Amino acid sequence: MLALAWRNVLRHARRSALTMLAVALGLCALIFLWGFNDGVHNAMMRNLQEVIVGSLQIHRQGFFHHPRLSDELPNPARVHALLRQRGLDRYADRLRTFALAAGADVSEGLVLLGVHPALEMRVTRLAQKVAKGRFLRDNDEAACVLGRTTARNLGVSVGDSLVLLSEDRYGALAAERVRLVGIIDSGEMGIDRGLAIVPLGFLQRMLAMSGRISGVVLQLPRARLEQETMALRTALGDGYEVLRWYDMYPMMKQWVELEDGFYYIFLSIVLLIVAAGIMNTVLMSMLERIHEFGVMLALGCRPWRLAGMVVIEAMILGFAGVLLGACAGLLLVSYFHDAGIDLSHQMTTITRFYIEPVVRTEINTEHLVDTVCSVLLAAVLASVWPALRAMRLEPVEAIHHV
Amino acid sequence: MAMIEAEHLRKHYRSGDARVMALDDVCLTIEAGAFVVLAGRSGSGKTTLLNMLGALDRPDAGALRIAGHDLLAMNADERAAFRLHHLGFVFQAYNLIRVLSARENVAYVLQLRGMGRRERLSLADHWLAEVGLAEFADRRPDQMSGGQQQRVAVARALAAKPDLVLADEPTANLDSHTGAELIDLMRHLNEREGTTFVIASHDPAVIASARMLVTMQDGRIVSLEER
């Protein structure tokens with residue numbers, strides 16, 4: 001039956017080739033668009049995690065949404081030991097509070113983040129975002145890195161001094177003069193405005209928080225995120241919160257899901273067009289062969305077998321189109337993954353969403369599989385009506401069909 | 001033993017407002033191994049009767065048994081299975097499958113019967129040799145003459161060893177010489193294999209070859225002549 005179906009497809013080779021090309025073109029376009037979409041989304045999510053948020057953060061229960069200096073991470077040594085035991089070595093301690101930064105004439109409220117410079121550089125890419133000066137070093141004491149907007153608002157530049165004012169663990173005023181060693185230009189408003197980064201040890205002393213931290217940030221492979229989150233939550237218990245990046249910033253995940261939803265709608269529309277193309281070819285092919293179908297029925301071919309042959313013909317067209325389209329689509333995705341698509345002129349206003357101005361296409365396996373399977377399914381569904389028509393043919397009428 | 005037992009078959013068609021009686025109280029018994037020609041003018045009912053005998057169409061009334069099977073008790077799927085296992089067809093316009101070679105056309109029915117590839121191709125070659133077309137086995141229908149195509153059709157009809165071969169105007173598209181050769185071939189196979197042949201034709205050469213001649217007119221059998 002397969003051989004007969006194959007020869008029937010070749011019977012009108014040009015028409016079949018055009019249908020196959022239409023399927024291939026549709027699939028290729030879908031794969032490329034998914035590649036662009038996933039490239040933007042994955043870069044956004046990677047940037048968010050790699051620049052500052054990390055894959056996971058561990059705090060005292062409730063700290064992330066209501067941060068208070070006194071809500072320090074219980075028993076940091078236990079958390080460190082657990083992470084090491086699970087083979088998670090890309091983590092860094094952080095101490096976080098609110099402060100007032102005073103320049104020569106202006107002051108501004110901001111988040112004061114104490115980090116261990118060497119460990120932080122293993123976990124996030126904050127250091128790579130320094131546009132002027134340098135990032136913190138392990139032997140720095142009263143040093144500070146500011147975001148570009150904050151530095152501009154305070155009127156300070158690299159080498160200048162500024163004063164940081166906050167409350168220590170006992171509620172007493174804590175003030176320190178620090179020297180600005182670097183200015184970060186990340187393109188992300190939450191970092192460039194309202195953030196000051198200082199050495200962890202310095203901040204602990206300033207706030208009478210010696211040996212105490214607010215939380216741990218860690219980086220881990222995407223494939224391990226869910227599994228490790230569950231394991232850490234179970235091991236640490238109720239006193240801790242183990243938050244994935246999207247638990248902390250759900251809007252980004254929701255935005256990605258919304259855009260994926262839009263793409264699935266687009267996919268459905270393209271599938272309808274693909275299905276119509278296949279159905280047109282299969283139906284024309286079937287109507288041209290009514291007489292031959294009548295002969296086959298007369299010879300004893302069962303109607304379901306005839307219908308099966310029509311479905312197989314559509315599947316051959318679908319498979320060939322999918323094979324060609326998938327190869328072309330993946331080649332395009334691969335090419336633009338390396339070459340990139342430079343949209344910097346169009347994206348000056350939305351870099352704050354962690355979007356890279358040069359989009360590198362990549363496609364998530366689930367989207368590739370969904371798309372390929374959908375096109376194949378569309379090919380099968382497109383053949384149902386012609387197959388039913390073939391199945392319902394009466395041999396006598398079909399034989400005399402002209 | 002009776003191969004065909006038709007009793008009081010009736011069939012009518014609608015043509016506009018008119019009611020055309022295609023078969024009118026047809027009774028016919030044909031023994032196994034017979035070589036029967038249904039003769040009559042166009043519209044006499046011979047093709048309609050052939051369609052009934054071929055389980056391709058159903059009568060409005062009457063009873064019909066072929067090789068001991070009651071055709072009227074069968075549904076469409078059962079009739080298809082019956083055709084596959086008991087009947088062979090030779091059509092006026094040859095009706096070979098265009099995309100298949102002569103060998104594959106003959107083997108097609110054997111494939112439908114579930115025979116393995118090697119066995120059915122071997123059997124197809126045997127039958128092509130029987131009809132004198134061994135060297136044409138790989139040719140497609142459009143690479144053969146009408147006479148050659150009709151010989152392939154005969155080989156296809158006989159390859160599965162059916163109880164009954166039905167042929168509708170098999171010589172109509174052939175020149176007289178080729179037509180005579182085809183009739184000789186069918187007669188020869190009828191005598192050698194014992195297969196029952198029922199041929200609808202108004203070709204005098206075919207009529208002359210009949211061992212039993214059934215003449216029809218206006219849907220009725222008007223004469224039945226054993227020779």
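Here is the naming used below: chain letters follow the sequence lines, and residue numbers restart at 1 for every chain. Note that the structure is a prediction, hence the values are computed from the model and not measured.
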Exercise. Measure R156(B) against the heavy atoms of chain A and call it side chain, backbone, both or neither at under 4.5 Å.
Key: side chain

Quiz item: Considering residues, nucleotides and ligands other than H69(B), do more than 12 of their heavy atoms fall under 6.0 Å from its NE2?
Solution: yes

Quiz item: Got a sec: does the CZ of R192(B) have more than 12 other heavy atoms crowding it under 6.0 Å?
Solution: yes

Self-check item: chain B contact residues among residues 3-12 of chain A, heavy-atom distance under 4.5 Å
Solution: L4(A), R7(A), N8(A), R11(A)

Quiz item: Taking all atoms of both residues into account, what is the closest heavy-atom pair of C301(A) and A80(B), and its distance?
Solution: O-CB, 4.2 Å

Quiz item: For atom CG of D218(B), is the number of surrounding heavy atoms from other residues, nucleotides or ligands below 6.0 Å larger than 12?
Solution: no

Quiz item: When only pairs under 4.5 Å are counted, which of L100(B), I97(B), V109(B) shares the most heavy-atom pairs with chain A?
Solution: I97(B)

Quiz prompt | Contact class of F82(B) relative to chain A, heavy atoms under 4.5 angstrom | solution = neither

Self-check item: Side-chain heavy-atom pair R79(B), P395(A) within 4.5 angstrom cut-off
Solution: no

Quiz item: Taking it one step at a time, do R305(A) and L112(B) satisfy side chain to side chain contact (heavy atoms under 4.5 Å, CB included)?
Solution: CA-CA 9 Å; R305(A) 201 177 172 110; L112(B) 291 178; 3.3 Å; yes

Quiz item: Of the backbone (N, CA, C, O) and the side chain (C-beta and beyond), which part of Q111(B) lies under 4.5 Å from a heavy atom of chain A, both, or neither?
Solution: both

Quiz prompt | chain A interface, residue from D77(B), N51(B), T47(B) that has the most non-hydrogen pairs under 4.5 Å | solution = D77(B)

Quiz item: Residue by residue, which of residues 282-299 of chain A have a heavy atom closer than 4.5 Å to a heavy atom belonging to chain B?
Solution: H291(A), E292(A), V295(A), M296(A), L297(A), A298(A), L299(A)

Exercise. Check whether more than 12 heavy atoms from other residues, nucleotides or ligands sit under 6.0 Å from atom OH of Y13(B), and answer yes or no.
Key: yes

Quiz item: Would the number of heavy atoms belonging to other residues, nucleotides or ligands and lying under 6.0 Å from OH of Y264(A) be above 12?
Solution: yes

Exercise. Search all heavy atoms of R302(A) against all heavy atoms of A81(B) and return the closest pair with its distance.
Key: NH2-CB, 3.0 Å

Self-check item: Residues, nucleotides or ligands: over 12 heavy atoms within 6.0 Å of R113(B) CZ
Solution: yes

Quiz prompt | Residue part contacting chain A, namely of L87(B), when any heavy atom lies under 4.5 Å | solution = neither

